[in-house]
Amino acid sequence: MLRRAVFLCLLALVLVGPAGAAPQELVPGLTYERKMEFTTRGPVVVDVLTAPRPGGLWSVKPVLSNETIPGTERLTAIEQRLSASATVAGVNGDLFAASGAPSGILMRGGALDQPPFPGRSSIGFDTAGNLAVARVTMLATWQGSGPRRALADVNGPPTKNGVSLFTPAYGPATPSTPGSVELTLGSFPPARPNAELTATVTGASANGGTPIPPGGAVLAARGTAATFMQREAPAGQLVKIRLILKPAWATTVDALGGGPLLVRSGKPVFRANEQFTPDQLLPRTARSAVGQLADGRLLLVTIDGAQGYSAGATNFELALEMAKLGAVTAAALDGGRSSAMAFDGTLLSHLSGPERPIGDALVVSYAGVYLPLPLEPVLTPNGDGASDRQRLSYKVVRPSNVTASLIGPDGVPRFAFSGSATPGTYPLDWPGTKPDGSPEIEGRWRWVVTATDDTGVSSSGERDFTLNRTLGFAAGVPPTLAVPRPRPRAVATVKLARAATLTERITTTSGVVLRTLPKVRAAPGDLQVSWDGRTDAGAIVYSGRYVAEVTATNELGSVTLGAPFSVHRGTVFRVAK
């Protein structure tokens with residue numbers, strides 16, 4: 001019996017199409033939609049996450065791989081790492097170097113972890129949750145006992161005759177840099193731009209590998225800049241640092257690099273004149289983007305590419321798609337093999353190969369109570385071994401007072417909990433029967449949870465499922481049949497507990513429909529699925545493994561079961577359990 005497998009195959013088919021399918025609510029306020037659009041260049045599959053404007057329980061932020069500038073990490077691993085403190089959904093972030101360092105700006109919580117790439121767009125979010133896309137430059141200086149001098153980089157190796165500032169965002173120690181001189185700043189404030197940052201020199205070293213103290217920083221210099229730094233910033237000297245952004249982005253708290261600009265004032269941008277090569281903009285490949293709707297909601301979008309079912313998109317075609325989705329402002333992120341979308345550590349987009357580790361990601365985070373989908377959308381506790389037990393759960397990420405109820409079709413709770421809960425996931429396994437083992441009421445059941453966290457913020461969630469014992473005990477039958485046959489023969493049996501309309505189909509094990517049999521209205525009892533071994537087009541099927549799929553529909557809803565069997569093409573084909 002393959003009820004579970006059949007359901008997953010059907011779900012996969014629904015996610016690929018058809019166009020215009022209703023968005024799925026992942027968390028109250030966060031929806032996911034997978035669309036297939038048919039274009040002159042072929043089908044294009046678009047994945048769309050729509051999230052509330054940041055604020056309250058919702059936030060949007062860039063996340064570093066492994067929480068350090070060097071190195072890479074898969075998007076799914078990043079989300080799994082964050083799952084203890086939030087329920088997250090997101091896409092890949094900026095383009096990145098071989099070291100894993102993002103290529104453009106990185107600002108987290110108001111602190112500048114990397115400077116902008118002036119020739120490409122920077123993507124910022126302010127304290128009100130507004131998205132801004134702009135070309136941003138940095139003019140930075142340091143000063144000891146002498147005049148202000150240029151500071152070329154933040155968390156990047158110093159260039160010849162240049163100076164760099166390393167903060168704890170880089171990692172535990174500065175990179176090996178032969179010939180460098182490095183000053184340890186034992187206490188250094190968060191690297192906020194457009195402010196004067198002061199610290200005292202507590203030590204000096206050379207050639208890199210200097211430990212970066214928590215709450216501190218390191219100044220590294222080479223060439224003539226190292227000579228000035230040794231003379232003007234001895235141990236005990238107060239050092240002043242300024243990281244000036246233009247435009248100032250005074251209210252921006254989080255930012256990452258990307259580009260080019262895709263949508264300005266609701267209109268797609270054909271040519272943004274940013275520093276990207278034609279090889280980055282013109283090929284039809286996988287793409288990623290972020291945008292904002294007029295009402296403040298955010299769009300995270302990927303387009304599948306380099307696969308037969310999806311042709312991918314050029315950069316301008318991505319701009320057209322973002323405008324069509326309603327974005328008033330949008331920018332591209334890294335694309336190609338980096339392009340990926342995931343929810344709660346599970347991929348949503350389909351990749352053309354193994355998931356690629358990335359330098360950073362852009363995620364939306366929800367801090368309220370989260371209810372995963374029920375294990376069984378339709379529960380059938382009839383003892384046939386398929387969908388006989390339900391698994392429900394909820395997750396809280398802060399200490400909370402929780403009320404959880406499993407409510408039957410009659411409005412009466414069968415399970416109720418009220419009390420305190422520490423951060424974690426709380427499961428409920430339910431057999432779908434009364435405590436004495438007798439049948440429960442069939443119909444729509446609701447799993448309802450509310451939570452108030454230790455800051456006084458309340459949230460709630462609800463998941464529905466159906467209890468329906470109409471259909472059960474699907475199995476293949478063993479007789480052999482000659483192919484072709486003048487009339488169909490039985491390939492599977494099911495039990496029908498109450499009258500229903502039956503839809504019978506023969507599918508491959510991957511869910512591709514080969515034959516749809518006429519609908520019938522059936523009374524309760526044992527029923528057979530009969531088939532003559534041909535497809536809808538009349539062709540005889542090849543030898544292999546197939547599934548007889550039965551859907552029973554009545555006033556309680558629909559139940560689907562699948563029974564596997566094997567076909568041996570030749571003079572006969574056999575049907576076996």
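Since this is a predicted model, take the numbers as computed values, not measurements. Position 1 is the first residue of the sequence, and the numbers go up from there.
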A.B. asks: For G557, does its backbone N or O pair with a side-chain atom of T553 as donor and acceptor, under 3.5 Å?
C.D. replies: no
A.B. asks: T251 versus F125: any side-chain heavy-atom pair under 4.5 Å?
C.D. replies: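 Side chain of T251 against side chain of F125, heavy atoms only: no contact under 4.5 Å found.
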A.B. asks: Could you check D344 against T87 for side chain to side chain donor-acceptor pair (under 3.5 Å), going step by step and ending with a plain yes or no?
C.D. replies: CA-CA 6 Å; D344 208 32; T87 300; 4.9 Å; no
A.B. asks: When you check the gap from the basic side-chain N to the acidic O, do R498 and E442 get nearer than 4.0 Å?
C.D. replies: yes
A.B. asks: Would you give the length of the straight line joining atom OG1 of T346 to atom CE of M341, rounded to the nearest 0.5 angstrom?
C.D. replies: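 Rounded to the nearest 0.5 Å, the OG1-CE separation comes out at 14.0 Å.
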A.B. asks: Is D388 reaching over with its side chain to a backbone N or O of P431, donor-acceptor style, under 3.5 angstrom?
C.D. replies: no
A.B. asks: Do S310 side-chain atoms and D304 backbone N/O form a donor-acceptor pair below 3.5 Å?
C.D. replies: yes
A.B. asks: So, does K61 use its side chain to make a donor-acceptor pair with the main chain of V253 at under 3.5 Å?
C.D. replies: no
A.B. asks: Could you give the distance from CG (D464) to CG (L371), rounded to the nearest 0.5 Å?
C.D. replies: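 Reported value, rounded in 0.5 Å steps: 10.5 Å.
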A.B. asks: In terms of side-chain geometry, is the basic nitrogen of D295 or R297 positioned less than 4.0 Å from the acidic oxygen of its partner?
C.D. replies: yes
A.B. asks: Indicate the atoms forming the closest heavy-atom contact of L256 with P62, along with that distance.
C.D. replies: CB-CB, 4.1 Å
A.B. asks: Let's go through L502 and V550 carefully: what are the C-alpha distance in whole Å and the side-chain angles of both, what is the deciding distance for side-chain contact (heavy atoms from CB on, under 4.5 Å) to 0.1 Å, and is it a yes or a no?
C.D. replies: CA-CA 7 Å; L502 299 185; V550 181; 4.2 Å; yes
A.B. asks: Is any side-chain N of the basic residue among D254 and R108 closer than 4.0 Å to the acidic one's carboxylate O?
C.D. replies: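 R108 and D254: not salt-bridged.
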A.B. asks: First locate atom CD1 of I506, then atom OH of Y546, and finally report the distance between them rounded to the nearest 0.5 Å.
C.D. replies: 10.5 Å
A.B. asks: For side chain to side chain donor-acceptor pair (under 3.5 Å), just list the numbers for D436 and S438, CA-CA rounded to whole Å, side-chain angles, deciding distance to a tenth of an Å, and then say yes or no.
C.D. replies: CA-CA 6 Å; D436 62 3; S438 60; 2.6 Å; yes
A.B. asks: Where do A327 and G291 come nearest, in terms of heavy atoms and distance?
C.D. replies: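 That closest heavy-atom pairing would be CB-CA, 4.5 Å.
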A.B. asks: So V369 and T450, do their side chains get closer than 4.5 Å, heavy atoms only?
C.D. replies: no
A.B. asks: Between R545 and P564, what is the shortest heavy-atom contact and its length?
C.D. replies: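 That closest heavy-atom pairing would be NH2-CB, 3.7 Å.
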A.B. asks: Testing V559, T560, D384 one by one against L471 for a side chain to side chain contact (heavy atoms under 4.5 Å, CB included), which residue passes?
C.D. replies: V559
A.B. asks: Report the residue from R414, R469, K434 that forms a salt bridge (Lys or Arg N to Asp or Glu O under 4.0 Å) with E440.
C.D. replies: R414
A.B. asks: If you apply the rule side chain to side chain donor-acceptor pair (under 3.5 Å), what do you find for N554 with T470, and how did you get there?
C.D. replies: CA-CA 8 Å; N554 55 22; T470 297; 3.1 Å; yes
A.B. asks: Taking the side chain as every heavy atom from C-beta outward, state whether V44 and I303 have any atom pair closer than 4.5 Å.
C.D. replies: yes
A.B. asks: Within the distance-only criterion (no hydrogens, no angle test), does the side chain of D453 pair as donor or acceptor with the backbone N or O of S400 below 3.5 angstrom?
C.D. replies: no
A.B. asks: Does E321 reach the side chain of V46, with side-chain heavy atoms less than 4.5 Å apart?
C.D. replies: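 They are in side-chain contact.
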A.B. asks: For G336, does its backbone N or O pair with a side-chain atom of S339 as donor and acceptor, under 3.5 Å?
C.D. replies: no
A.B. asks: Look at the side chain of N66 and the backbone N and O of T72, then say whether any donor-acceptor pair between them is shorter than 3.5 Å.
C.D. replies: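 It does hold such a pair.
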A.B. asks: Given 3.5 Å as the limit, does a donor-acceptor pair link the side chain of S393 with the main chain of P427, or not?
C.D. replies: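 No; zero donor-acceptor contacts below 3.5 Å.
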A.B. asks: Can a salt bridge be assigned to the pair E73 and R356 using a cut-off of 4.0 Å between side-chain N and carboxylate O?
C.D. replies: no
A.B. asks: Quick one: does L299's side chain get under 4.5 Å of V290's, heavy atoms only?
C.D. replies: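 Of all side-chain heavy-atom pairs linking V290 with L299, none is under 4.5 Å.
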A.B. asks: Find out whether T403 and F417 are in side-chain contact, i.e. whether some heavy atom of one side chain is under 4.5 Å from a heavy atom of the other.
C.D. replies: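 No, every pair of side-chain atoms sits at 4.5 Å or beyond.
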A.B. asks: Which heavy atom of V541 sits nearest to which heavy atom of L514, and what is that distance?
C.D. replies: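 In terms of heavy atoms, the two residues are closest at CG1-CD1, 4.3 Å.
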A.B. asks: Output yes when K35 and E33 qualify as a salt bridge under the 4.0 Å nitrogen-oxygen rule, no when they do not.
C.D. replies: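 Salt bridge: no.
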A.B. asks: Please give me the minimum heavy-atom distance between Q390 and L375, naming the atom from each residue.
C.D. replies: OE1-N, 3.2 Å
A.B. asks: Between R463 and E376, is there a salt bridge with N-O shorter than 4.0 Å?
C.D. replies: no
A.B. asks: What distance do R337 atom CZ and E355 atom CD have between them, rounded to the nearest 0.5 Å?
C.D. replies: 11.0 Å
A.B. asks: Quick one about T501 and R521 (side-chain donor to acceptor, distance below 3.5 Å, no hydrogens or angles considered), yes or no?
C.D. replies: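 Side chains of R521 and T501: pair found under 3.5 Å.
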A.B. asks: For V48 and Y32, run side-chain contact (heavy atoms from CB on, under 4.5 Å): C-alpha distance rounded to whole Å, both residues' side-chain angles, the deciding distance at 0.1 Å, then the answer.
C.D. replies: CA-CA 6 Å; V48 183; Y32 166 68; over 6 Å; no
A.B. asks: For the residue pair V378 and S387, what are the closest heavy atoms and their distance?
C.D. replies: O-CB, 3.7 Å
A.B. asks: In terms of relative ring orientation, are Y394 and Y426 parallel, tilted or perpendicular, with 30° and 60° separating the classes?
C.D. replies: parallel
A.B. asks: Determine whether L298 and V364 make a side-chain contact, defined as any pair of heavy atoms from C-beta on separated by less than 4.5 Å.
C.D. replies: yes
A.B. asks: Find the distance between CG (L26) and CG (L373) and round it off to the nearest 0.5 Å.
C.D. replies: 8.0 Å
A.B. asks: Could you tell me whether the side chain of W445 reaches within less than 4.5 Å of the side chain of P374, counting heavy atoms only?
C.D. replies: no
A.B. asks: What is the distance from atom CG of D94 to atom CD1 of I123, rounded to the nearest 0.5 Å?
C.D. replies: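 Nearest 0.5 Å value for the CG-CD1 distance: 7.5 Å.
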A.B. asks: Could you tell me whether R515 and E504 make a salt bridge, using a distance below 4.0 angstrom between a side-chain N and a carboxylate O?
C.D. replies: no
A.B. asks: Can you tell me if Q292 uses its side chain to pair, donor with acceptor, with the backbone of L131 under 3.5 Å?
C.D. replies: yes
A.B. asks: Taking the side chain from D536 and the backbone from T516, do they hold a donor-acceptor pair closer than 3.5 Å?
C.D. replies: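 At least one qualifying donor-acceptor pair exists.
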